[in-house]
Amino acid sequence: MKLNENDHLYRARHSLSHLLASAVKELYPQAQLGIGPPVDTGFYYDFVFPEPVAADTLLPALESKMKDLVKRKIKFERFELPGDEALKKLQAANEPYKVELCREYIAAGEAISFYRSGDFTDMCEGPHIETTGEIPKNSFALDTLAGAYWRGDEKNVMMTRIYGLAFDTAEELELFKKRRALAMERDHRKLGKQMQIFHIAEEVGKGLPLWLPNGTVLRDELEKLAQEAEFRYGYKRVATPHITRGLLYEISGHLEHYKESMYPPMMLDDEAYYMKPMNCPHHHMIYREIVRSYRDLPLRLAEYGSVYRYEKSGELAGLLRVRGMTMNDAHLYVTADQVREETRKVMELHKYYYDLFGLENYWLRLSVHDLAKDKFVDNIASWEQTVGILREVLKELGIPYSEVAGEAAFYGPKVDFQVTNVVGREETASTNQLDFTSAERFDLTYIDHEGHQQRPYIIHRAPLGTHERFISFLIEHYGGAFPTWLAPVQVVIVPVAPALFDFAYKLRDQLLALMIRVEVDDSGDSFNKKIRNAATSKAPNVLIVGQREAQEDKVTHRRYGVTEQTTLPFAEFLSWIQDEIRLRRNSKPVNPLDKM
RNA sequence: GCUGGCGUAGCUCAAUGGUAGAGCAGCGCAUUUGUAAUGCGCCGGUUGGGGGUUCAAUUCCCUUCGCCAGCUCCA
């Protein structure tokens, strides 16, 4: 939810950032100011402190000073200064970062405005609240302290950013904190450990997850899903090696544009071999292997391909950001006439997947080039043409999207599906690119009706993203309570007593014969303990079998998170669960974590 | 990579400049149970690694590794 700058909360948050700066200046008159805008959950302000600071003592001290300022009902007063006076004032105050901004405002011919609140004055556009009396007691709190580069550029100094939380009321602040604590409970790293989905071993390496048996079930189910969907959409599956000669990446341009993200080469017979960071060049080689006719197009090559990228250590996070990943990749080689239709079908496939999982909280980003940045292929006409095509397709489909400059791939614009994970971090779940560069680089052609050579367009698409990232979202989306078709253990059979073990084994064998993942709890635990273990394991289906059931070949069926249970003939259960799995029903059980 | 923080048993967490403790999990024995923890016992730690200060370090200092938040980058 984005606030408008005239919203009271927006202005209150912005004003609180000034109070924070004011408190900092009181404690450290030498501290220099960066910027201090409002954000989704509050505000922050960046500082350069004259000495190292410690969060555990600094934040409470600043917070209590801010509370004092709020109590004093301080007025926010705006005034403007001519450029040279503003500059002088900031220079006199020893605010080099403000001076830098001020110079730019002057160059842009903008008015230079200041806000005075009590003893503190900051160059700022506003708007602000009238007085701090408008800020309810306990509706804000300082949160964390972190580093941030000046103007977001890693070549600049690192400042100290102090984040604060701020809401309309104290109750909303408390609610936010509670929700955040609850969200941590479904963090995929925590559930991934608890549910034995993946493990990142120090000995194996950072960002290189080991998939445990339960996690591998999730991967296998996603791959099955993709194989079926891609079959229906006319894709052909291919497979390619994990390492490749440098030559291929010279052709593709990866070594030119992407080298810092690639694992360094290994030398074999005086030649450099690289771990592959992307599958596309390999698919292009497959395309090029024979002469293609327009009759072959669209040619859709699909592969769940593993790639390795050298992400900076601080960027790694659980399964969300890793160094080795397997992606739901495919490349569509199409004629100019087919681009729109094929792009549309790719979007349709996305919708099918997202509906299947019940993923609703996402938005589309049309990621375009920014020729001011040197990472992009320099060909304005092609950028404009391909961006235009994507705009048209999205418009035709009536899908809302936002256009963001500088987020494109180096070889073409992208349509990214942006989702927010459970702890509020926004990530790209899947990405689709329209590539106008590679066909030429790889000299890919097809013969048209008239026997002339033409360049195909290439659509790169990965609707299910990478297993790593997509599964991290699924874990959090479901809070670990997967629908039956995805669940690592689909059925747990709990016999009431050891005398019933044989009956339970008989049911198990029938389920196993149908490829249903089932376990019998034949441990020495008490019956109550078994019920509890089955429930806490988040198994979607629990079958309780006792004497009563055994006599009539029935089972008592409990769904995860549902208290009512039904006793039904086992044959009926079998047909129900087979449908449940075959149709991949997203009968999302009530998850206790969804309550808030 | 950068800034800040955190590393105690498989997990969750105690404790202290003077020999490290609990619950859960695991294992064993007993119990054979009809809807969310049966009882008893056992095992489990070079307090992330290395170095230093000290009579003595898990505690203080340095260093290194890992993790967390943010920045940068990104599927």
Side-chain angles (χ1 to χ4, degrees), chain A residues 39 44 46-49 52-56 58-59 143-163 184 187 189-190 193-194 196 199-203 205-206 258 260-261 277-278 307 309-323 325-329 367 375 407 409 414 416-419 423-433 460 462-470 472-473 494-501 524-537 542 544-549 556 558 563 565 567:
Chain A
V39 292
Y44 69 78
D46 290 342
F47 306 95
V48 173
F49 283 95
V53 292
D56 52 343
L58 180 64
L59 295 190
D143 193 26
T144 57
L145 186 147
Y149 297 109
W150 167 237
R151 314 202 78 175
D153 189 331
E154 64 184 325
K155 293 186 197 87
N156 291 339
V157 295
M158 173 139 304
M159 307 181 104
T160 303
R161 176 170 296 179
I162 298 175
Y163 278 95
M184 312 268 248
D187 186 309
R189 289 168 292 198
K190 186 167 180 155
K193 167 78 187 165
Q194 259 170 33
Q196 288 284 282
H199 173 57
I200 297 175
E202 217 175 304
E203 295 83 343
K206 312 165 119 180
Y258 204 76
E260 72 289 356
S261 296
M278 288 185 186
V307 298
R309 299 179 184 175
Y310 187 77
E311 305 288 347
K312 292 179 191 166
S313 63
E315 292 164 353
L316 303 173
L319 289 180
L320 198 60
R321 281 298 287 283
V322 290
R323 285 179 172 167
M325 69 210 89
T326 300
M327 56 193 300
N328 172 228
D329 214 353
S367 298
K375 77 172 203 181
E407 294 287 337
K414 308 193 287 182
D416 295 322
F417 282 66
Q418 298 299 111
V419 304
V423 284
R425 193 194 319 222
E426 183 187 317
E427 294 286 346
T428 301
S430 54
T431 187
N432 307 280
Q433 299 148 10
H460 303 236
L464 296 174
T466 63
H467 277 324
E468 287 70 17
R469 185 169 290 179
F470 204 78
S472 81
F473 287 131
V494 177
V496 163
L500 278 306
F501 281 3
D525 288 336
S526 65
F527 177 64
N528 280 332
K529 185 67 179 292
K530 289 182 186 187
I531 296 283
R532 180 185 157 82
N533 284 344
T536 54
S537 78
V542 179
I544 289 129
V545 295
Q547 203 50 48
R548 296 202 291 266
E549 286 82 0
T556 294
R558 271 175 72 128
T563 35
Q565 53 184 28
T567 301

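We use all heavy atoms of the structure for the numbers below, so side chains are in, but hydrogens, waters and symmetry mates are not. Residue numbers begin at 1 in each chain, while the letters A, B, ... track the order of the sequences.
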*asked:* Using side-chain heavy atoms (C-beta onward) and a distance below 4.5 Å, is I544(A) in contact with F527(A)?
replied: yes

*Which nucleotide in the set G70(B), G10(B), A36(B) lies at the smallest distance from any side-chain heavy atom of Y163(A)?*
G70(B)

*If the P atom of C68(B) is compared with that of U63(B), how far apart are they to the nearest Å?*
23 Å

*Heavy atoms under 4.0 Å, any strand shown: does V322(A) hit a base, just sugar-phosphate, or nothing?*
base

_Heavy atoms from C-beta onward define the side chain here; which of G4(B), A69(B), U32(B) lies closest to that of A146(A)?_
A69(B)

*Side chain to side chain, I200(A) and K206(A), heavy atoms closer than 4.5 Å*: no

Pairs under 3.5 Å (N/O, protein and nucleotides 62-68 of chain B):
| unit_1 | atom_1 | unit_2 | atom_2 | d |
| --- | --- | --- | --- | --- |
| C65(B) | O2' | E202(A) | OE2 | 3.1 |
| C68(B) | OP1 | R189(A) | NH1 | 3.1 |

*Evaluate the side chain to side chain contact (heavy atoms under 4.5 Å, CB included) criterion for residues V307(A) and T466(A): first the C-alpha distance (whole Å), next the side-chain angles of each, then the deciding distance (0.1 Å), finally the verdict.*
CA-CA 10 Å; V307(A) 298; T466(A) 63; over 6 Å; no

*Go through the N and O atoms of the side chain of E549(A) and the base of G34(B), and report whether any donor-acceptor pair is under 3.5 Å.*
yes

*Nearest whole angstrom, please: distance from the C1' of U32(B) to the CZ of F527(A).*
12 Å

_Can you check the distance between U16(B) and A57(B), where both ends of the measurement are the C1' atom (answer in whole Å)?_
11 Å

*Could you give the distance separating A20(B) and U58(B) at their P atoms, to the nearest angstrom?*
9 Å

*Pick base, sugar-phosphate or nothing for A534(A), based on heavy-atom distances below 4.0 Å to the nucleic acid.*
nothing

*May I ask which nucleotide in the shown strands pairs with G23(B), Watson-Crick or G-U wobble, both distances under 3.5 Å?*
C11(B)

*Shortest non-hydrogen separation from M158(A) to G147(A) and the atoms involved*: SD-CA, 3.8 Å

*d(CG, D143(A); C1', A69(B)) in whole Å*: 9 Å

*Check: R321(A) side chain, C74(B) base, donor-acceptor under 3.5 Å*: yes

*Would you kindly compare Q565(A) and E427(A) by the position of their nearest RNA chain B nucleotide and give the one closer to the 5′ end?*
Q565(A)

*asked:* Given A69(B), U35(B), A36(B), identify the nucleotide with an atom nearest to the side chain of T536(A).
replied: A36(B)

_Taking C73(B) as the reference, what is the distance to C11(B) when you measure between their C1' atoms (whole Å, please)?_
33 Å

*Pairing partner of U53(B) (Watson-Crick or G-U wobble, both distances under 3.5 Å)*: none

*Is there a donor-acceptor pair under 3.5 Å between the side chain of E468(A) and the backbone N or O of T326(A)?*
yes

*What does K414(A) touch in the nucleic acid at a heavy-atom separation under 4.0 angstrom: a base, only the sugar-phosphate, or nothing?*
sugar-phosphate

*In whole angstrom, give the distance that lies between atom NZ of K155(A) and atom P of C2(B).*
16 Å

*With a 4.0 Å cut-off on heavy atoms, is E468(A) in touch with a base, just the backbone sugar-phosphate, or nothing at all?*
nothing

_Pairing partner of U3(B) (Watson-Crick or G-U wobble, both distances under 3.5 Å)_ = A69(B)

*Can a salt bridge be assigned to the pair R309(A) and E315(A) using a cut-off of 4.0 Å between side-chain N and carboxylate O?*
no

*Report yes if a side-chain nitrogen or oxygen of K530(A) is closer than 4.0 Å to either non-bridging phosphate oxygen (OP1 or OP2) of A37(B); otherwise report no.*
no

*Of all heavy-atom pairs between P463(A) and F470(A), which one has the smallest distance, and what is that distance?*
O-CE1, 4.3 Å

*Take M327(A) and T160(A), find for each the nucleotide of RNA chain B with the closest heavy atom, and name the residue whose nucleotide sits nearer the 5' end.*
T160(A)

*Distance between C1' atoms of U59(B) and G44(B) (Å, rounded)*: 23 Å

*Applying side chain to side chain contact (heavy atoms under 4.5 Å, CB included), run through D143(A) and Y44(A) and close with a yes or a no.*
CA-CA 9 Å; D143(A) 193 26; Y44(A) 69 78; over 6 Å; no

*asked:* Under 4.0 Å between a side-chain nitrogen and a carboxylate oxygen: does that hold for R189(A) and D187(A)?
replied: yes

*Between A22(B) and G1(B), how far apart are the P atoms? Round to whole Å, please.*
40 Å

*Sticking with atom P, work out how far A14(B) lies from U72(B), rounded to a whole angstrom.*
34 Å

*Taking only the side-chain heavy atoms of R558(A) (C-beta and beyond), determine which of C73(B), A36(B), G34(B) contains the nearest atom.*
A36(B)

_From NE2 of H467(A) over to C1' of A75(B), roughly how many Å is that when rounded to an integer?_
13 Å

*Scan I544(A) against the nucleic acid and name what it touches under 4.0 Å (heavy atoms): base, sugar-phosphate only, or nothing.*
base

_Atom-to-atom span, OH of Y44(A) to P of C71(B) - whole angstrom_ = 8 Å

*Protein-nucleotide distance (E311(A), atom CD; C73(B), atom P), rounded to Å*: 12 Å

*asked:* Taking any heavy-atom pair under 4.0 Å as a contact, classify T431(A): base, sugar-phosphate, or nothing.
replied: sugar-phosphate

*Encode nucleotides 38-44 of chain B as B, S and - characters from 5' to 3', where the letter depends on protein heavy atoms closer than 4.0 Å: B to the base, S only to sugar-phosphate, - to neither.*
S------

*asked:* Test side chain to side chain contact (heavy atoms under 4.5 Å, CB included) on I531(A) and R558(A); report intermediate values, then the result.
replied: CA-CA 10 Å; I531(A) 296 283; R558(A) 271 175 72 128; 3.9 Å; yes

*Residue T556(A), side-chain heavy atoms: nucleotide from A75(B), A36(B), U35(B) that is nearest*: U35(B)

*Over all heavy atoms of both residues, which pair between A462(A) and S430(A) is shortest? Give the atoms and the distance, please.*
O-CB, 2.9 Å

*For G45(B), which nucleotide in any strand shown is its Watson-Crick or wobble partner with both distances under 3.5 Å?*
none

*For U33(B), what is the paired nucleotide under Watson-Crick or G-U wobble rules, both distances under 3.5 Å?*
none

*When you get a sec, tell me which of A36(B), U72(B), A75(B) is the closest nucleotide to the side chain of Y149(A)?*
U72(B)

_Give me the atom names and distance for the closest heavy-atom approach of L319(A) to S472(A)._
CB-CB, 3.9 Å

*What is the distance, rounded to the nearest whole Å, between atom CG of N156(A) and atom P of U3(B)?*
15 Å

*Is U16(B) paired to anything, Watson-Crick or G-U wobble with both distances less than 3.5 Å, and if yes, which nucleotide?*
none

*Gap in Å between the two C1' atoms, one belonging to C43(B) and one to G26(B), rounded*: 8 Å

*Between U35(B), G34(B), A37(B), which nucleotide gets closest to the side-chain atoms of R532(A)?*
A37(B)

*asked:* Rounding to an integer number of Å, can you tell me how far I531(A) CD1 sits from G34(B) P?
replied: 11 Å

_Atom pair CG (L145(A)) and CZ (F47(A)), whose distance is rounded to the nearest 0.5 Å_ = 9.5 Å

*Side chains of D416(A) and T428(A): do they bring a donor and an acceptor to under 3.5 Å?*
no

_Strand partner of C40(B), provided both Watson-Crick or wobble distances fall under 3.5 Å_ = G28(B)

*Given C74(B), G70(B), G1(B), which nucleotide is nearest the side-chain atoms of R161(A)?*
G70(B)

